[in-house]
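Per chain, numbering begins at 1; letters A, B, ... match sequence-line order. All figures in this text were calculated on a predicted structure; none of them were measured in a lab. Only heavy atoms go into these numbers, but all of them, side chains included; no hydrogens, no water, no symmetry mates.
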Amino acid sequence: MNGQDIPGAGDQESAINALLDGDLDEAAAAQLKARAAEDSSLSQAIIEAWALQRALETLPLEKAPASLSRRLRSIPRQQARLSRRPWFGLPRWAIAGGLASVTLVAVAMMMNGPSGLGPGLSSGSRQAIKQQASGVPVGDAARVAQARHDLAIAFHYLDKTGFRVARRMNEVLNREVAEPVRDELNHRLPFSGQNRKEENA
Amino acid sequence: MSRSFRQWVDDYEDQAWTLARYLLKDAAEAEDVCQEAFIKLWNHRDSVDPEKIKPWLMKVTRNGCLDRLRRRRPEDELLEGALADRAPGPLQESHQQELGQWLHRAIARLAEPYRSLVVLRDVQEHSYEEVASVLELSLPQVKTYLHRARKQLREQLAEVRP
């Protein structure tokens with residue numbers, strides 16, 4: 001803002017702020033000061049604005065509390081941990097086990113169906129199922145027994161995998177629920193030697 | 001990158017915290033907003049211009065504060081208003097002078113975006129360009145609104161002055 005831009009009374013506020021912000025050149029500043037010398041309300045406004053500006057500048061930045069600093073510094077670690085956890089935090093072997101279980105269920109369903117002939121079954125099982133489906137009486141008890149044996153193995157493996165997956169899910173869910181509660185308590189309660197011990201434990 | 005992030009935390013945590021405290025006053029909420037802002041910074045660290053980290057972070061912090069203020073019920077605002085004078089704020093812990101306390105209360109009474117403008121420009125001394133970027137305003141708008149905000153503060157000061 002230069003000397004020609006000195007505003008009228010309506011823009012007095014802009015002129016005062018421009019003066020305080022150092023946006024007025026020397027000529028404009030001198031012109032404003034000359035006006036202020038004749039206008040007591042303008043000089044009063046300049047003095048008040050200047051005092052306010054200095055007071056605002058002395059307001060300190062508040063230091064972030066230690067609890068916040070800790071939370072901020074743990075963000076990379078927490079985010080990395082979150083991004084490593086695929087699908088409820090289950091490890092790869094559990095997911096593979098789950099997929100294997102689904103496959104086995106599908107195989108078992110095919111074996112029970114009239115036209116389902118799973119490629120992984122023994123030849124005895126296939127023959128027995130074929131005969132059953134075609135209405136031919138099953139005469140060979142050994143083949144039926146073989147088919148039952150195959151099924152028993154499949155269901156045994158299914159049970160085992162299902163149990164391991166359920167146990168793992170339980171562990172993960174317990175941990176996921178417990179962590180936010182613990183973090184929230186640490187955040188809300190004053191940090192004391194007692195809860196430091198608990199945290200370390 | 002983790003090292004850069006730690007540097008950003010060192011450089012800007014106090015500024016984000018102070019802004020959040022002026023806007024929200026409630027310390028627990030201010031902490032949550034700051035943490036959310038820094039998590040966003042971590043998640044967008046590759047897409048944010050390194051030269052503009054500070055205004056980006058202040059903008060996210062302010063938006064987080066405004067979201068929380070919008071979600072509040074009127075009775076919460078009343079309660080907060082009653083507590084604001086007693087709870088130690090950014091100023092009261094280190095500056096117990098009468099003028100400082102008065103200023104803190106006066107800034108808290110300003111409406112948005114005046115309050116953010118005064119905090120960012122006059123208290124934290126960000127450049128006009130940074131303030132414009134944080135508040136998504138043009139430079140002339142920033143100056144006009146800031147003039148109004150300062151005038152309101154001066155008028156309040158005149159009222160309490162003997």
Checklist entry - Do Tyr114(B) and Arg150(B) have side chains that get closer than 4.5 Å, going by heavy atoms? => result no

Next on the checklist: Quick check: closest heavy atoms across Ala64(A) and Trp17(B), and the distance to 0.1 Å?
Outcome noted: CA-CD1, 3.5 Å

Checklist entry - Hey, mind stepping through Leu52(A) and Leu103(B) against side-chain contact (heavy atoms from CB on, under 4.5 Å) and telling me if it holds? => result CA-CA 9 Å; Leu52(A) 178 66; Leu103(B) 263 178; 3.6 Å; yes

Item to check | No-hydrogen, no-angle side-chain donor-acceptor test under 3.5 Å, Ser116(B) and Glu112(B) | outcome: yes

Checklist entry - For residues Glu48(A) and Gln44(A), is any side-chain donor paired with an opposing acceptor at under 3.5 Å? => result yes

Next on the checklist: Is there a salt bridge (charged side-chain N to carboxylate O under 4.0 Å, His left out) between Arg71(A) and Asp32(B)? Walk through the geometry before answering.
Outcome noted: CA-CA 9 Å; Arg71(A) 286 165 75 178; Asp32(B) 290 344; 2.7 Å; yes

Checklist entry - Donor-acceptor pair, Arg148(A) side chain versus Ala145(A) backbone, under 3.5 Å? => result no

Checklist entry - Are the side chain of Thr61(B) and the backbone N or O of Cys34(B) linked by a donor-acceptor pair below 3.5 Å? => result no

Checklist entry - Quick one: what part of Ile107(B) sits under 4.5 Å from any heavy atom of chain A, side chain, backbone, both or neither? => result side chain

Next on the checklist: Does any backbone or side-chain atom of Asn43(B) lie under 4.5 Å from a heavy atom of chain A? Answer side chain, backbone, both or neither.
Outcome noted: side chain

Next on the checklist: Does Lys40(B) have more than 12 heavy atoms from other residues, nucleotides or ligands lying within 6.0 Å of its NZ?
Outcome noted: no

Item to check | Test: Asp10(B) and Arg73(A) ion pair at under 4.0 Å | outcome: yes

Next on the checklist: Checking an interface table here. Which of residues 117-127 of chain B come within a heavy-atom distance under 4.5 Å of chain A?
Outcome noted: Val118(B), Arg121(B), Asp122(B), Val123(B), Gln124(B), Glu125(B)

Next on the checklist: Can you list the residues of residues 128-148 of chain B that sit under 4.5 Å from chain A, counting heavy atoms only?
Outcome noted: Tyr128(B), Lys143(B), His147(B)

